[in-house]
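Have a look at the structure below before the remarks.
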Amino acid sequence: MATSKSIALTYVPADCGSIIPGKSKAPQAFRDTGLIPKLRAAGHTYVTEHHALDAPAQFTPTALKPGGVRNEALNVQVCERVEKTILTALTTGAVDETGLEKQIDVEGKEKGGRPFQLILGGECSMLPGILSAFWTHHTTHTSPSARIGLIYIDADTDLSSPASPSSTGTFASMNMTHLMQTSGALESMRKFSRPDGKAVCDCQNTVFFGTNMALSSNTRDHFAYLFEKGYKVVPSVAVARAPAESARDALRYLEDRVDVIVVHLDVDAIDPGTFPLANVPNYTGVEFDAMMGALGVFLASEKVGGLVVAEVNPDHDPGLEMVGRLTGEIVRMLAARREQ
């Protein structure tokens with residue numbers, strides 16, 4: 001398999017989707033652990049950095065209107081900026097370690113190939129902008145019939161609705177609601193769609209991976225909807241028991257259905273007992289090494305075109321030991337992918 005030596009890094013320093021500060025520091029934390037020199041040392045000659053935001057997007061306490069979310073306008077703006085940045089990153093030139101720029105065309109035909117997208121945040125709710133950009137780019141430059149798939153590694157279903165009477169107005173908890181355009185999705189988020197206006201996610205191109213079936217916020221109604229609509233859900237207990245096998249099963253489901261896969265890793269899918277890096281702890285039973293084993297299977301697939309890492313809170317990691325471990329694993333997996 002021919003893989004690219006090019007990596008496009010996009011940073012999204014945002015805290016605006018939840019009320020706990022710290023996630024906006026994640027992009028710089030990855031840089032501080034030596035991500036770029038490590039990527040280049042591993043053979044990724046061409047690396048670019050893209051900053052989606054001019055300044056961190058911070059949460060502000062606001063009143064909650066019925067059927068709305070807190071900081072809605074700012075969250076939508078973040079997705080707009082992310083979409084624009086990813087569209088650029090998918091076709092940008094790449095800079096090698098000498099500082100020389102090399103241009104990559106939209107077909108990825110030049111020496112470096114189409115850049116692999118590595119997106120670091122920040123909020124999980126940046127994902128609508130990312131997937132909308134992937135759909136737009138590939139249906140324009142690859143094939144009008146191109147399909148984008150998603151492996152959503154997250155302990156939460158994120159199917160909360162702003163229309164629910166029990167809604168707390170937390171934007172991040174509604175991520176899949178907006179990606180799937182389910183009932184109650186905000187009108188302001190419908191712009192992040194396929195070129196034909198349909199939702200970027202459906203049961204044919206989406207896998208929920210590492211979902212915590214015992215989590216109270218993952219309601220019976222959420223699971224009923226997913227199962228009735230035919231979504232593939234791989235629970236955290238299965239990932240903990242057999243991470244690589246679970247990942248291969250998820251890939252088999254998607255690879256025949258889509259052309260390009262985006263892998264989203266919300267670090268709350270990793271159990272905080274020994275790896276408390278996530279913004280909000282979630283006791284999934286999936287240890288760090290187990291999740292890295294699954295992620296390695298995903299990144300070995302030639303159809304995977306991007307990795308999104310979200311919900312990293314460096315305030316939980318003052319010495320950046322955990323961020324450093326995660327950086328090292330990502331670099332190792334991308335190097336192994338390139339060498340296949």
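Values in this document were obtained by computation on a predicted structure and should not be read as measured data. Counting begins at 1 with the first residue of the sequence.
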Under 3.5 Å, is there a donor on one side chain and an acceptor on the other for [X] and [Y]?
X: Thr274; Y: Glu287; value: yes
X: Ser193; Y: Gln181; value: no
X: Ser145; Y: Ser143; value: yes

Next on the checklist: For the OG atom of Ser125 and the CG atom of Asp158, what is their distance to the nearest 0.5 Å?
Outcome noted: 9.0 Å

Checklist entry - Do Asp289 and Arg325 pass the side chain to side chain contact (heavy atoms under 4.5 Å, CB included) test, and can you show the C-alpha distance, the side-chain angles, and the key distance before you say yes or no? => result CA-CA 10 Å; Asp289 289 343; Arg325 285 180 66 191; 3.7 Å; yes

Checklist entry - Phe30 and Tyr11: aromatic ring centres closer than 6.0 Å? => result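 No, the ring centres sit 6.0 Å or more apart.
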
Next on the checklist: Would you say the ring centers of His178 and Phe171 fall short of 6.0 Å from each other?
Outcome noted: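 Yes, close enough.
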
Checklist entry - For Leu186 and Glu72, what are the C-alpha separation, side-chain angles and deciding distance, and is it a side chain to side chain contact (heavy atoms under 4.5 Å, CB included)? => result CA-CA 9 Å; Leu186 296 168; Glu72 178 179 343; 4.0 Å; yes

Checklist entry - What orientation do His137 and His141 show, parallel under 30°, tilted 30 to 60°, or perpendicular over 60°? => result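 Tilted, since the angle between the ring planes falls between 30° and 60°.
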
Next on the checklist: I'd like to know whether Val304 forms a side chain to side chain contact (heavy atoms under 4.5 Å, CB included) with Ser301, so could you lay out the CA-CA distance, the side-chain angles of the two residues, the decisive distance to 0.1 Å, and finally the verdict.
Outcome noted: CA-CA 6 Å; Val304 172; Ser301 170; 3.9 Å; yes

Next on the checklist: Take a 6.0 Å sphere around NZ of Lys84 and say whether it holds more than 12 heavy atoms from other residues, nucleotides or ligands.
Outcome noted: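 No, because the 6.0 Å sphere around NZ of Lys84 holds 12 heavy atoms or fewer from other groups.
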
Next on the checklist: Under 4.5 Å between side-chain heavy atoms, counting indirect links through other Ile/Leu/Val/Met/Phe/Trp/Tyr residues: same cluster for Met189 and Leu53 or not?
Outcome noted: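 Each belongs to a different hydrophobic cluster.
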
